[in-house]
Engineer: 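For reference, the structure I am asking about is given below.
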Amino acid sequence: MEKSLLQQARASYVPKLPVALRGTVGIKEGAPTQSADNQEEIKALFPNTYGMPLIEFVAAEKSDAAAMNVGVILSGGQAPGGHNVITGLFDTIKKLNPENRLFGFILGPGGLVSHNYMEITADFIEDYRNTGGFDMIGSGRTKLEETEQFEKGLEIIRKLDIKALVIIGGDDSNTNACVLAEYYAAKQYGVQVIGCPKTIDGDLKNSQIETSFGFDTATKTYSELIGNIERDCNSARKYWHFIKLMGRSASHIALECALQCQPNICIVSEEVEAKDMTLNEIVEQICTSVAYRAANGDNFGVVLIPEGLIEFVPAIGRLIAELNDLLAAHGADYKDLDADAQRQYIISHLSDANKATFETLPADVARQLSLDRDPHGNVQVSLIETEKLISEMCAAKLKQWAEEGKYTGKFAAQHHFFGYEGRCATPSNFDADYCYALGTSAAQLIANGKTGYMAVVKNTTAPVEEWQAGGVPITMMMNMERRNGQMKPVIRKALVELDGAPFKAFAAVRDTWAKETCYVYPGPIQYWGPSEVCDRPTMTLILEHK
């Protein structure tokens, strides 16, 4: 494998570990903690893995680790640091017993079902330390939810004498891990399943999980790009840049990038929903800033738009909920019709209120909302060009205001979507350390006989030596939600909290940003230099811990 100069240099970086994970490791069990919603239903669905205690790793005097083989799966979208989870897992199981072996299933959960695997060896893994991407074994979005899949996976697990599976993924992937752990426990197959919290979206977090890995690197990558655009914007002074940022169901990425870069406008989807805002009200907010700045001779600006915004506009959210049920019940009746016939079929089956909303949408947006879903049943919002939809509505509104004598500036828009640029970046020092610690924690959970747990690391705004590692039962994060027309157990996504410190810090200054040019240019991720520069966590984490 050819290596860039950065990759060659990063290969020598040794991730730091919390003190408790450096030597022989023991565990301290805490009280089981469960959320309040739907817990009787969750307990009934997961009787064998429900109510387990929280775990914290502590130093121990000795360890009696029997030989074991472990399987690992990368699931869902890529996130910086995934390779370090695997290297941490590999190094730790080899430290526990040199005879231990690690097998990677190729291209995600589907590799387990199709028996597509490889053994990860010491020589092989050296090329992937501290690198971005998931190309070591590839990833996939196959859902593990059918008995036939579980049993097919068991065949290769038995053949390779695998004791435990580690599933590295987001909320949906860890939901699958929980279901699989419960199934194998109920059948008394003796196969452990451990999850690791991954997603650049930042929406897999709670009282026990402070952040998902990849969020730190991705937001720093996007912030560099946004800062570059802001610098160009402030140089040319003739464009409004509308930037859509990845983050399907929460605005954590947009909010973090706003805190780092200080754009003129950042839309927060959760606020739109809470205030029952319409698309027109969002456009009015942006146009008010455009007009104010134009009056001062500033015909330029930067607007950040979360990828999932369209789902959070309440009227459209209600439409999507009805479309989901319609697709689940009657999708086969209209999916093969031509575009006009599809549209008429859908309109004829919608309630009056949702029909009115559907008819106002551009044809391509309406089609994407009504037909396209990912394997987990979610609207593929990344395919919807929300940034163009918003800017075109702004242009129309400003034209109207100009005719009314309320606006005299010039408006020209540029459009950007930052998504894939951040998913496979070389991990920041934070993510390199955090992920290595997660992999180490997963190995220790396995060695201690645990199943149905997610590896966690806490106290992450402190120096790495003071981080606290352990495990959390996945069932404590589960709730019942409607998916594809049916109620299913899923891990609840953590949305931006409007009474939380990060949003409050943003809300306190956004009116100034909307009027003035307050741009900050963060520049590229720093890997070497003063710790306060290289090891700095996200603004979100810093504010939440304050």
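Everything numeric in this text was worked out from a predicted model, so none of it was measured. When reading the values below, keep in mind they use all heavy atoms of this one structure, side chains included, and skip hydrogens, waters and symmetry mates.
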Engineer: So, Tyr345 side chain and Leu337 main chain: donor-acceptor pair closer than 3.5 Å or not?
Structural biologist: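 Answer holds: no.
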
Engineer: Is the shortest side-chain heavy-atom distance between Leu245 and Cys257 below 4.5 Å?
Structural biologist: yes

Engineer: As a quick check of understanding, evaluate side chain to side chain contact (heavy atoms under 4.5 Å, CB included) for Ile27 and Glu56, giving each step before the final call.
Structural biologist: CA-CA 6 Å; Ile27 63 171; Glu56 181 181 345; over 6 Å; no

Engineer: Decide salt bridge (charged side-chain N to carboxylate O under 4.0 Å, His left out) for Glu481 and Lys488; before the verdict, give the C-alpha distance in whole Å, the side-chain angles of both, and the deciding distance to 0.1 Å.
Structural biologist: CA-CA 6 Å; Glu481 293 182 10; Lys488 290 189 176 183; over 6 Å; no

Engineer: Apply the test side chain to side chain contact (heavy atoms under 4.5 Å, CB included) to residues His83 and Asp135: give CA-CA distance (whole Å), side-chain angles for both, the deciding distance (0.1 Å), then the verdict.
Structural biologist: CA-CA 9 Å; His83 289 163; Asp135 48 309; 3.2 Å; yes

Engineer: So Phe57 and Leu445, side chain to side chain contact (heavy atoms under 4.5 Å, CB included) or not? Walk me through it.
Structural biologist: CA-CA 9 Å; Phe57 294 124; Leu445 287 168; 3.8 Å; yes

Engineer: Taking the side chain as every heavy atom from C-beta outward, state whether Leu112 and Ile157 have any pair of such atoms under 4.5 Å apart.
Structural biologist: yes

Engineer: Does the pair Glu210/Lys205 count as a salt bridge with the N-to-O cut at 4.0 Å?
Structural biologist: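 Looking at Lys205 together with Glu210, the answer is no, because their closest N to O distance does not fall below 4.0 Å.
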
Engineer: Given side chains that start at C-beta, do those of Arg10 and Thr131 come closer than 4.5 Å, heavy atoms only?
Structural biologist: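 No, too far: nothing below the 4.5 Å cut-off.
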
Engineer: Answer yes or no: does atom CD of Glu359 have more than 12 heavy-atom neighbours from other residues, nucleotides or ligands under 6.0 Å?
Structural biologist: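 Yes, CD of Glu359 has more than 12 neighbouring heavy atoms, counting only those of other groups under 6.0 Å.
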
Engineer: Look at the side chain of His252 and the backbone N and O of Ala494, then say whether any donor-acceptor pair between them is shorter than 3.5 Å.
Structural biologist: yes

Engineer: Which atom pair, heavy atoms only, marks the closest approach of Gln39 to Met478?
Structural biologist: NE2-O, 3.5 Å

Engineer: Using a strict threshold of under 4.0 Å (side-chain N to carboxylate O), is an ion pair present between Arg158 and Glu155?
Structural biologist: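 The answer is no: the pair does not qualify as a salt bridge.
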
Engineer: Treating Gln192 as the side-chain partner and Ile446 as the backbone partner, does any N or O pair qualify as donor plus acceptor under 3.5 Å?
Structural biologist: yes

Engineer: Taking C-beta and beyond as the side chain, do Arg423 and Tyr420 meet within less than 4.5 Å on heavy atoms?
Structural biologist: yes

Engineer: Count the heavy atoms of every other residue, nucleotide or ligand shown that sit under 6.0 Å from CG of Asp123, and state whether that count exceeds 12.
Structural biologist: no

Engineer: Quick one about Gln468 and Asn459 (side-chain donor to acceptor, distance below 3.5 Å, no hydrogens or angles considered), yes or no?
Structural biologist: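 Side-chain D/A pair, Asn459 to Gln468: absent.
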
Engineer: Is the number of heavy atoms from other residues, nucleotides or ligands under 6.0 Å of Glu497 CD greater than 12?
Structural biologist: no

Engineer: Just by distance, with hydrogens left out, do Thr219 and Thr538 show a side-chain donor and acceptor under 3.5 Å apart?
Structural biologist: no

Engineer: Would you say Arg492's side chain and Asp171's backbone share a donor-acceptor pair under 3.5 angstrom?
Structural biologist: no

Engineer: So does Asn48 get a backbone contact from the side chain of Glu182, meaning a donor-acceptor N/O pair under 3.5 Å?
Structural biologist: yes

Engineer: Quick one: CD1 on Ile390 to CG on Leu279, what's the gap to the nearest 0.5 Å?
Structural biologist: 5.0 Å

Engineer: Using side-chain heavy atoms (C-beta onward) and a distance below 4.5 Å, is Gln7 in contact with Thr426?
Structural biologist: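 A side-chain contact is absent here, since even the closest heavy-atom pair is not under 4.5 Å.
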
Engineer: To the nearest 0.5 Å, how far apart are OH in Tyr436 and CZ in Phe90?
Structural biologist: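 Between atom OH of Tyr436 and atom CZ of Phe90 there are 10.0 Å.
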
Engineer: Report the C-alpha separation of Asp91 and Lys95 in whole Å, then their side-chain angles, then the decisive distance to 0.1 Å, and conclude whether the salt bridge (charged side-chain N to carboxylate O under 4.0 Å, His left out) test is met.
Structural biologist: CA-CA 6 Å; Asp91 290 350; Lys95 181 179 178 181; over 6 Å; no

Engineer: If you measure from the Lys or Arg side-chain nitrogens to the Asp or Glu carboxylate oxygens, is any gap between Glu307 and Lys244 under 4.0 Å?
Structural biologist: no

Engineer: Can you measure from CE (Met454) to CD1 (Ile167) and round to the nearest 0.5 angstrom?
Structural biologist: 10.5 Å

Engineer: Are the side chains of Tyr453 and Pro53 in touch, meaning some heavy atoms are under 4.5 Å apart?
Structural biologist: yes

Engineer: State yes or no: are the ring centers of Trp467 and Phe430 separated by less than 6.0 Å?
Structural biologist: yes

Engineer: Between Asp201 and Asp203, is there a donor-acceptor pair closer than 3.5 Å when you use the side chain of the first and the backbone of the second?
Structural biologist: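 The answer is no, because no donor-acceptor pair under 3.5 Å joins these two groups.
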
Engineer: Side chains of Phe105 and Leu165: does their closest heavy-atom pair fall under 4.5 Å?
Structural biologist: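 When only atoms from C-beta onward are counted, Leu165 and Phe105 do touch, with a gap below 4.5 Å.
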
Engineer: Between Lys450 and Glu29, does any side-chain N to carboxylate O distance fall below 4.0 Å?
Structural biologist: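 Result for this pair is yes, salt bridge flagged.
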
Engineer: Kindly compute the distance separating CD (Glu151) from CD (Glu146), expressed to the nearest 0.5 Å.
Structural biologist: 12.5 Å

Engineer: Is the side chain of Asn206 donor-acceptor paired with the backbone N or O of Met477 at a distance under 3.5 Å, no angle test?
Structural biologist: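 Not a single qualifying donor-acceptor pair exists.
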
Engineer: In terms of relative ring orientation, are Phe103 and Tyr117 parallel, tilted or perpendicular, with 30° and 60° separating the classes?
Structural biologist: perpendicular

Engineer: If you round to the nearest 0.5 Å, how far is CD1 of Ile125 from CD1 of Ile120?
Structural biologist: 6.0 Å

Engineer: Let's go through Ile253 and Phe418 carefully: what are the C-alpha distance in whole Å and the side-chain angles of both, what is the deciding distance for side chain to side chain contact (heavy atoms under 4.5 Å, CB included) to 0.1 Å, and is it a yes or a no?
Structural biologist: CA-CA 11 Å; Ile253 288 178; Phe418 295 151; over 6 Å; no

Engineer: To the nearest 0.5 Å, what is the distance between CD1 on Ile310 and CG on Leu389?
Structural biologist: 5.5 Å

Engineer: Under 4.5 Å between any side-chain heavy atoms of Asn84 and Asp431, yes or no?
Structural biologist: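 No. Closest side-chain heavy atoms not under 4.5 Å.
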
Engineer: Within the side chain of Ser139, is there an N or O that forms a donor-acceptor pair under 3.5 Å with the backbone of Gly77?
Structural biologist: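 No: the side chain of Ser139 does not pair with the backbone of Gly77.
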
Engineer: Does Glu40 come within less than 4.0 Å of Lys43, counting only side-chain N to carboxylate O?
Structural biologist: no

Engineer: If we ignore hydrogens and angles and just use 3.5 Å, is the side chain of Thr475 paired with the main-chain N or O of Thr49 as donor and acceptor?
Structural biologist: yes

Engineer: Do the side-chain N and O atoms of Tyr183 and Glu145 include a donor-acceptor pair separated by under 3.5 angstrom?
Structural biologist: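 No, no side-chain donor-acceptor pair sits under 3.5 Å.
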
Engineer: Would a distance-only check, ignoring hydrogens and angles, find a side-chain to backbone donor-acceptor pair under 3.5 Å from Glu270 to Val496?
Structural biologist: yes

